Each structure stands twice: as C-alpha cells, then as structure tokens.
Amino acid sequence: MDVTLHLAQDPEADALLGRSPLAALTGMLLDQQVPMEWAFKGPATIAQRLGADDLDAHEIAAYDPEAFAALLSDKPAVHRYPGSMAKRIQQLCQYLVEHYDGDAEGVWRDAATGPELLKRLTGLPGFGKQKAKIFLALLGKQLGVQPKGWREAAGAYGEAKSFRSVADITGPESLTKVRAHKQEMKAAAKASGK
C-alpha cells in the first residue's frame with residue numbers, strides 16, 4: 001500500500017495514511033465527532049509522539065492504557081475525547097494482534113468478496129456497519145482493494161463519481177463537495193424530524 005491520500009489535508013499525515021494500513025484504519029476509527037482532517041491527522045500525531053514513523057499494533061496493544069490516554073491527551077489533543085479514543089485504538093490494535101498477528105492489511109489482503117471484506121471490517125472494534133462500508137469504499141476507490149462485489153457491499157458509498165464520504169475525497173475540491181453533501185443530509189434529517 002503506497003498511494004497518496006488527501007484526507008488529513010496535511011502532506012506528512014496523508015503520506016502516512018497512504019502507506020500504512022494501520023494508520024488508515026486508525027484514522028477511520030477516529031473519524032467521529034471531530035472534523036475529518038483532525039481525525040485523519042491523528043495517526044501521524046500518535047506516531048510522532050511514540051517517536052516512530054509508523055504505528056505498530058503490537059506496541060499500541062501492549063502500551064500502558066493510562067500512558068496511552070495521556071499521549072493522546074497532550075496538547076493538541078488527538079481527538080475531542082482522547083481518553084475514550086485511546087481505549088478504542090488499543091482495542092483495535094489488540095484485535096489486530098489477536099486475529100491478524102498485528103498486520104492491519106491482513107484484514108483485507110485475501111478477502112475474496114466484498115461481503116466477506118465487509119464482514120471482516122464490521123468485526124473490528126469501533127467499526128459499525130456504516131463506518132465499515134465507508135472504509136470498504138475507501139479501500140476500493142483509492143487503495144486498489146477491489147474484491148468481487150466490493151461496490152455493492154459498500155452500498156451507496158461505493159457508487160462511482162459520488163461525494164458522500166472520505167472515500168470520495170481526493171483533494172480540496174472533492175472535500176468541499178463531500179462537506180456540501182453532508183450538510184444536505186443533515187438538513188434533510190432535521191427537516192424530517194430525525
């Protein structure tokens with residue numbers, strides 16, 4: 001995996017996301033209740049604070065939980081809720097160590113079909129069905145991971161030429177379109193009373 005992503009809108013953070021499966025998964029995990037750029041810059045910030053150029057699932061899984069929470073809480077905090085997100089990241093890494101020997105790419109490397117990959121992604125701690133579909137779309141659209149039926153498994157997020165999620169962000173212009181789509185969805189949900 002070595003592609004150029006534009007999710008953090010920061011060259012160093014985006015470079016890490018493009019070469020590190022664990023960084024990409026961690027960024028997706030962090031992508032809730034904070035601006036997308038903040039979430040996807042998180043993996044680079046964590047790596048930097050660990051004194052590394054990448055994230056290591058074994059290291060994070062074994063890290064003292066209080067110390068890891070403090071690492072995420074240092075200013076500027078990695079997330080609005082650094083303590084709870086530190087716990088979630090450690091749970092993700094522990095799962096990866098237990099099921100994939102710490103190899104995040106193992107989640108998708110040999111997935112034969114989109115539904116199989118979606119099942120693997122929804123099995124990850126912190127990945128509900130929607131987050132899993134968005135990440136599956138990101139894998140298919142930008143990271144070249146396209147098992148048979150991946151678009152269908154990703155649902156609307158897998159649609160070509162759509163601007164629904166991080167899977168569709170390739171630069172500032174598409175970021176603006178995705179933000180506009182999200183605002184429309186929020187307005188529609190508010191108007192319908194949901």
Side-chain angles (χ1 to χ4, degrees), residues 3-11 13-14 17-18 21 23-45 72 76-89 91-92 104 107-108 111 113-194:
V3 298
T4 302
L5 295 178
H6 300 279
L7 305 178
Q9 301 291 302
D10 172 280
D14 282 328
L17 295 170
L25 276 175
T26 302
M28 191 71 218
L29 182 65
L30 289 167
D31 189 22
Q32 55 188 325
Q33 300 176 312
V34 295
M36 178 208 66
E37 299 92 331
W38 184 5
F40 283 96
K41 190 172 181 178
T45 303
L72 268 68
V78 170
H79 193 274
R80 180 179 293 155
Y81 304 107
S84 63
M85 293 313 294
K87 184 176 180 181
R88 287 185 181 187
I89 292 168
Q91 289 170 340
L92 173 64
V107 175
W108 56 84
T113 67
E116 178 186 349
L117 179 50
L118 181 61
K119 184 177 179 182
R120 290 181 186 188
L121 291 169
T122 55
L124 297 173
F127 277 68
K129 195 152 197 160
Q130 182 175 356
K131 189 177 287 285
K133 285 183 175 187
I134 292 169
F135 194 76
L136 175 53
L138 177 65
L139 287 169
K141 290 180 174 184
Q142 296 196 47
L143 300 174
V145 178
Q146 301 178 337
K148 184 179 180 186
W150 73 270
R151 283 192 190 275
E152 295 79 7
Y157 299 108
E159 293 174 3
K161 298 180 184 172
S162 66
F163 296 97
R164 296 181 188 280
S165 71
V166 299
D168 304 306
I169 297 172
T170 56
E173 185 179 325
S174 54
L175 171 61
T176 300
K177 290 179 180 180
V178 168
R179 284 228 161 92
H181 174 77
K182 288 185 176 205
Q183 292 296 344
E184 289 172 21
M185 294 296 99
K186 282 183 183 177
K190 189 173 183 179
S192 70
K194 289 185 179 178

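Just so you know, these numbers come straight off a predicted model, no measurement behind them.
Taking each heavy atom of Phe40 and Leu17 in turn, the nearest pair found is O-CD1, 3.5 Å. Between Ala156 and Ser162, the closest heavy-atom pair is O-OG, 4.1 Å. Of all heavy-atom pairs spanning Ala153 and Pro115, the tightest one is CB-N, 3.7 Å. Across Ala160 and Arg151, no two heavy atoms sit closer than the pair N-NH1, 3.4 Å. In this structure, Pro43 and Ala23 approach most closely via the heavy-atom pair CG-O, 3.3 Å. Taking every heavy atom of both residues into account, Val166 and Leu138 meet most closely at O-CD1, 4.0 Å.
Take Thr176 and apply the side chain to side chain contact (heavy atoms under 4.5 Å, CB included) test, not counting sequence neighbours, and it matches no residue. Checked against side chain to side chain donor-acceptor pair (under 3.5 Å), Gln142 has no partners two or more places apart in sequence or in another chain. The side chain to side chain donor-acceptor pair (under 3.5 Å) check on Glu37 picks up Arg179, with sequence neighbours excluded. Taking Pro125 as the reference, Gln91, Leu92, Tyr95 meet the side chain to side chain contact (heavy atoms under 4.5 Å, CB included) condition, with sequence neighbours excluded. With sequence neighbours excluded, the residues forming a side chain to side chain contact (heavy atoms under 4.5 Å, CB included) with Ala86 are Phe68, Ala69, Leu72, listed by chain and number. Ala104 meets the side chain to side chain contact (heavy atoms under 4.5 Å, CB included) test with Pro21, Leu22, Leu25, Leu96; sequence neighbours excluded.
Contact check for Arg88 versus Leu30: no side-chain heavy atoms found under the 4.5 Å cut-off. Side-chain contact between Thr4 and Asp14: absent, with no pair of heavy atoms (C-beta onward) separated by less than 4.5 Å. With a 4.5 Å cut-off on side-chain heavy atoms, Asp31 and Ile134 do not count as touching. The closest side-chain heavy-atom distance from Val145 to Leu117 is below 4.5 Å.
Screening residues 117-127 for salt bridge (Lys or Arg N to Asp or Glu O under 4.0 Å), with sequence neighbours left out, gives Asp110-Arg120, Glu116-Arg120. Every pair passing side-chain hydrogen bond (donor to acceptor under 3.5 Å, both in side chains) that includes a residue from residues 127-138 is listed here, sequence neighbours excluded: Gln130-Tyr157. Sorted by first and then second residue, the ring pair (Phe, Tyr, Trp, His ring centres under 6.0 Å) pairs with a member in residues 113-154 read Trp108-Phe135; sequence neighbours excluded.
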Please output the side-chain donor-acceptor pairs of residues 180-187 that fall under 3.5 Å, not counting sequence neighbours, one pair per line with the distance.
none

Side-chain donor-acceptor pairs under 3.5 Å in residues 167-175, sequence neighbours left out?
from, atom 1, to, atom 2, distance (Å)
Asp168, OD1, Lys141, NZ, 2.4
Asp168, OD2, Arg164, N, 2.8
Asp168, OD2, Ser165, N, 3.2
Thr170, OG1, Ser174, OG, 3.4
Ser174, OG, Thr170, N, 2.7
Ser174, OG, Gly171, N, 3.1
Ser174, OG, Gly171, O, 3.0

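How far CE of Met36 is from NZ of Lys41: 12.5 Å, rounded to the nearest 0.5 Å. With rounding to the nearest 0.5 Å, the separation of OG1 in Thr26 from CE in Met85 is 9.5 Å.
Between the His79 side chain and the Gln33 main chain, no donor and acceptor come within less than 3.5 Å of each other.
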